[in-house]
2 protein chains.
Amino acid sequence: MNKGDKITPWEVSGAIDYSKLIKQFGVSKLDDKLLKRIQKHTGELHLFLRRGIFFAHRDLDWLLDEYEKGNKFFVYTGRAPSGEVHIGHLFPWILCKWLQDKFGAEMWFQFPDEEKFLFKKDLEFEDTEKALNENMLDVIALGFDPKKTHFLIDTKNADIMYKQACRVAKKITFSTVKASFGLNESSNIGSIFYTSMQAVPAFLPSVLKKKKIPCLIPLGIDQDAHFRISRDVIPKLGYDKPALLHNIFLPPLTGMGGKMSSSEGNVAILTTDSPEIVKKKINKYAFSGGRDTIEEHRKKGGNPEVDVSFQYLKMFFEEDDEKLKKIEKDYRSGKLLTGELKKILIDKINEFLKVHQKKRELAKKRVGEFLFKS
Amino acid sequence: MNKGDKITPWEVSGAIDYSKLIKQFGVSKLDDKLLKRIQKHTGELHLFLRRGIFFAHRDLDWLLDEYEKGNKFFVYTGRAPSGEVHIGHLFPWILCKWLQDKFGAEMWFQFPDEEKFLFKKDLEFEDTEKALNENMLDVIALGFDPKKTHFLIDTKNADIMYKQACRVAKKITFSTVKASFGLNESSNIGSIFYTSMQAVPAFLPSVLKKKKIPCLIPLGIDQDAHFRISRDVIPKLGYDKPALLHNIFLPPLTGMGGKMSSSEGNVAILTTDSPEIVKKKINKYAFSGGRDTIEEHRKKGGNPEVDVSFQYLKMFFEEDDEKLKKIEKDYRSGKLLTGELKKILIDKINEFLKVHQKKRELAKKRVGEFLFKS
């Protein structure tokens, strides 16, 4: 990690060198061999896999071994309710939906509604409750199968979760969370305990079914710290370590590096943004790899590596590899101007959000189908 | 506290000087004035109040002020399931039952079934579950009104308790629990969080009824540390500090000082002991204040202050003040021999346990009436 960088579940700052993170966190690179092994089962590879959005893993080979032995895995990811959902949040969720479709996987989606309450001084449960109700709509809108999808809300499902969290907690000392999360003696005792709750969905289905079920967790690399700890603990409780699949962050509009954040509204595209707002945000804030003047751009070409609009197309919105290649070529050559590139992205995002927002509206009546009832 | 003494929720050792504890813990003495104020409402005073078993309090005057204003209080106490119930455990429970009768008080009885699991290395949830099922019978056997009594079992009722515990936890730092409970960096994060759960029943009825309801907690003085902390926190959540009423410990059979403990079976009278076992334990282990020979005893008399049998009669089993006075006089004069004194106690305990065990058996079918359902 570069000097000044910080990657914890509660803070991501600085320009992030993902290759260095692989070494630093001790995760494995998601290499071509493993991608081909996935493709053998899925027929195709999701854009997020093809284009390196998911870039690292832990024990994915073991998970595929189990799958090939007929031992189906379930998928677990989550969202700590607070504020609004932006498009960067969708990386693991969309991959989960794809994994559900391709592998017939059960999906356990955790909403740890106490997390942000415990870690943010001025946040109240009224705020997280409100955010929870909104956030659930975004997840449902992605098209999960309600028959195979279970929402776990920490404070509401604590009747089955808290006991399991205590089993985890008994095997984690304060020293460990201090070292892993940068907590200290002034940290509140809820924040100290919290990681135990985040561990639970990784083995809860095994507890409920009374047999070991492999677990795959697609997640932002910033969440790895939780599972570095719980992967040590879970085998001591009699279950298998969950496999992890890590995604990079969608950068903020203002430039590559760091992580999109809802708390800075202008650097994030929210799932509820109107077409006008998307247009305005991209045009005004999306960092450009173009030249200062049209003449210079036509002559020397733009730099797609640092151009946020191009990167969003690559990372998320331009499914078609050929089209993307052409955009890149044209931008690099100077044929495609920054304004034109931005227009392509704006249309793509608005096309995506139009569908998402429609499904999100319909989701309001469907929340009950997804809530786990113990 | 004398050198070598230790009083925490998890350890009580050494000879205990209760007057010193009052100063050390900063609690108030339960004085005659306050006892008379209670008696004004109850007509009589329970033996445990008359004879100093409950010896200290926090804010009992405030509680009575509220009561006199028509603001009824509820009573909260608890039992961390593990092992068997001995007669010393019954002090706060019996007083709670009396308070329910005399003040028409609602009773919230907490079974924090994670506590001993978190604090005892080799204890599993299977053990606490078994103990829970037994321990509940002892509480029910005391005659609580099921319409006014609610059992809260932490792991089972966490769906309403965990969120409230997080509200408490957010306002307690690791430094605080470290100082109050002697926890350290090697303590597990469940044990660090635990005190938050113990705070919850003190204000949960106020949360559920959406109004401030005064709370009275009869409890062993060793539990005071939990409420020294939570009494600071609860007002910050918008509720009143609970009032506390502290009892001394029933000493072990082997001599005054310390606390009866189920883990040392021979120094404790269990609620499930048969008449023969009670007889054997008292005759064999109950420390005697008598003289070495009958002749010497007749001549010089015994010492009831250190005689465990006499103290048990005084603290628990001889309701009648006149009879007790006569026993004391006769023992002090040498008229009553140790064997005779022990016989009186054995009969009294067995009389009590006969009724208790019968009710305990009947309680097996009634557990469901007492469980809180959220």
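Chain A is the first sequence line, chain B the second, and so forth, proteins listed ahead of strands; every chain is numbered from 1.
Per-residue heavy-atom pair counts under 4.5 Å with chain A were compared for B/Ser191, B/Ser196, B/Ser374, B/Ser186, and the maximum is reached by B/Ser186. Contact count against chain A (heavy-atom pairs under 4.5 Å) is highest for B/Ile192 among B/Ile192, B/Asp113, B/Asn184. Comparing A/Tyr194, A/Phe193, A/Phe119 by heavy-atom pairs within less than 4.5 Å of chain B, the highest count is held by A/Phe193.
Looking at every heavy atom in both residues, B/Ile189 comes nearest to A/Thr195 through CD1-CG2, 3.9 Å.
Heavy-atom proximity under 4.5 angstrom to chain A picks out nothing from residues 221-235 of chain B. Residues of residues 144-183 of chain B having a heavy atom under 4.5 Å from any heavy atom of chain A, listed by number: B/Asp154, B/Thr155, B/Lys156, B/Ala158, B/Asp159, B/Tyr162, B/Lys163, B/Cys166, B/Arg167, B/Ala169, B/Lys170, B/Ile172, B/Thr173, B/Phe174, B/Ser175, B/Val177, B/Lys178.
Interface residue B/Phe117: backbone and side-chain heavy atoms are both found under 4.5 Å from chain A.
Atom NZ of A/Lys236 is surrounded by more than 12 heavy atoms from other residues, nucleotides or ligands within 6.0 Å. Counting heavy atoms of neighbouring residues, nucleotides and ligands inside a 6.0 Å radius, atom NZ of A/Lys373 exceeds 12 of them.
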